[in-house]
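What follows is a set of notes on a single structure, which appears directly below.
Note that ligands are numbered from 1 as they come in the structure, with each ligand's atoms numbered from 1 the same way.
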Amino acid sequence: MRIAVCVKQVPDTNEVRIDPVKGTLIREGVPSILNPDDANALEAALQLKDKDKKTEVIVITMGPPQAEDMLRECLAMGADEAYLLSDRAFGGADTCATSTTIAAGIKKLGKIDLVLAGRQAIDGDTAQVGPQVAFRLGLPVVTYVEDIKIKDKGKKAEVKRMLEDGYEVIEIQLPCLLTAVKELNEPRYMTIAGIMNAYKKDITVWDHKAVKLDPADCGLNASPTQVFRSFTPPPKGKGEMLSGTAQKMAATLVDRLKEKHAI
Ligand SMILES: Cc1cc2nc3c(=O)[nH]c(=O)nc-3n(C[C@H](O)[C@H](O)[C@H](O)COP(=O)(O)OP(=O)(O)OC[C@H]3O[C@@H](n4cnc5c(N)ncnc54)[C@H](O)[C@@H]3O)c2cc1C
């Protein structure tokens, strides 16, 4: 089985700040990490490889040259191969253009049985890229996957899809694309041997020509959405602590809610 995992390098959002004038993320000096849901997607692929040693796990990302560090981390966790789609022509991509480029990269990988992605990236947060890649590859997709069982000698998968108040069990034909949620598993740590091996491996870098994309079809040129404005919402006012007996606090709470016309 050949599995492609879409991974994205994201700023560690606990430390992200927004430039108040430009309205853009201040990325300088902010540490980058492997997007958390993508670590779950990779772990799921590695668990399938643990069960069947013939399974190949390939990680692929679109990003700047420094995304190589994240790809080495994925190799150190146990991925077999890593691909970086990097080109000035890919810059300024919205989700539409991002998925075009990633899908072109996956097509170039040849026969793939399963594509895994995270549910969403913690910086862009749209959760659009996984389903869009599936659409561009003509693959069926299940989102919010919290369990994967491969059946019928790799022809089908039975997946558990997380809902707000329960779950669905879905049987899906392979090849397909699944998006992972954190409930899927606990990502493994890199091992010392894995880290040493990761630095012995080559990371393949592909530009627009390598994946047969015209510059007009990628990056900003092919991005129909534009960020109009981004801002940090003003902090909420200080909360009010109620005290007294439960009855007194409940009565005060009801008064406050009435004052605000919430009830
Ligand atoms: C007009 C515009 C310009 C933009 N310009 C830039 C820019 O210059 N630089 C920039 O960094 N961002 C830019 N963005 C943001 C960029 O579009 C998104 O970060 C990107 O398309 C992914 O969307 P998302 O973060 O919402 O991912 P989601 O859809 O939330 O991600 C879901 C999953 O898809 C996969 N995935 C997402 N992105 C990638 C990727 N790059 N490689 C591999 N797998 C991936 C991962 O598995 C991820 O968990 C721009 C957005 C807009 C609208």
Exercise for review: Compute whether any side-chain donor of one residue and acceptor of the other, for Tyr144 and Glu146, lie under 3.5 angstrom apart.
Suggested key: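 Glu146 and Tyr144 do not have a side-chain donor-acceptor pair below 3.5 Å.
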Review point. With distance as the sole criterion, is a donor-acceptor pair present between the side chains of Thr100 and Arg136 under 3.5 Å?
Key: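 Distance-only check passes for Thr100 and Arg136.
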Point to revise | Atoms of ligand 1, numbered as shown, that sit under 4.0 Å from any heavy atom of Thr225 | key: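 Heavy-atom distances to Thr225 below 4.0 Å select 1 (C), 53 (C).
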Practice item. Taking only heavy atoms of Cys6 into account, list the atoms of ligand 1 that are under 4.0 Å away from them. Key: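 Per the distance check, 44 (N), 46 (C), 47 (O).
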Check each of [options] against [atom] and report the one with the nearest heavy atom.
| atom | options | answer |
| --- | --- | --- |
| atom 52 (C) of ligand 1 | Asn40, Asp94, Ile106, Ile60 | Asp94 |
| atom 14 (N) of ligand 1 | Gly124, Pro11, Ala93 | Ala93 |
| atom 45 (C) of ligand 1 | Ile102, Leu177, Asp125 | Ile102 |

Quick check: [X] and ligand 1, any N/O pair under 3.5 Å apart?
| X | result |
| --- | --- |
| Gly91 | no |
| Ala117 | no |
| Asp38 | yes |
| Val129 | yes |

Exercise for review: Using side-chain hydrogen bond (donor to acceptor under 3.5 Å, both in side chains) as the criterion, point out the one residue from Glu43, Lys49, Lys51 that pairs with Gln47.
Suggested key: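 That would be Glu43; it is the only one of Glu43, Lys49, Lys51 passing the side-chain hydrogen bond (donor to acceptor under 3.5 Å, both in side chains) with Gln47.
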Between [X] and ligand 1, which part of the residue brings a heavy atom under 4.0 Å of the ligand: side chain, backbone, both or neither?
| X | value |
| --- | --- |
| Thr95 | both |
| Ser223 | neither |
| Val7 | backbone |
| Thr179 | neither |

Exercise for review: Measure from NZ or CZ of Arg161 to the centre of the six-membered ring of Tyr167 and say whether it is under 6.0 Å with the direction within 45° of the ring axis.
Suggested key: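 Not satisfied by the 6.0 Å and 45° rule.
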Practice item. Evaluate whether atom CD1 of Ile263 has more than 12 neighbouring non-hydrogen atoms of other residues, nucleotides or ligands under 6.0 angstrom away. Key: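 For Ile263, atom CD1 is crowded (more than 12 foreign heavy atoms under 6.0 Å).
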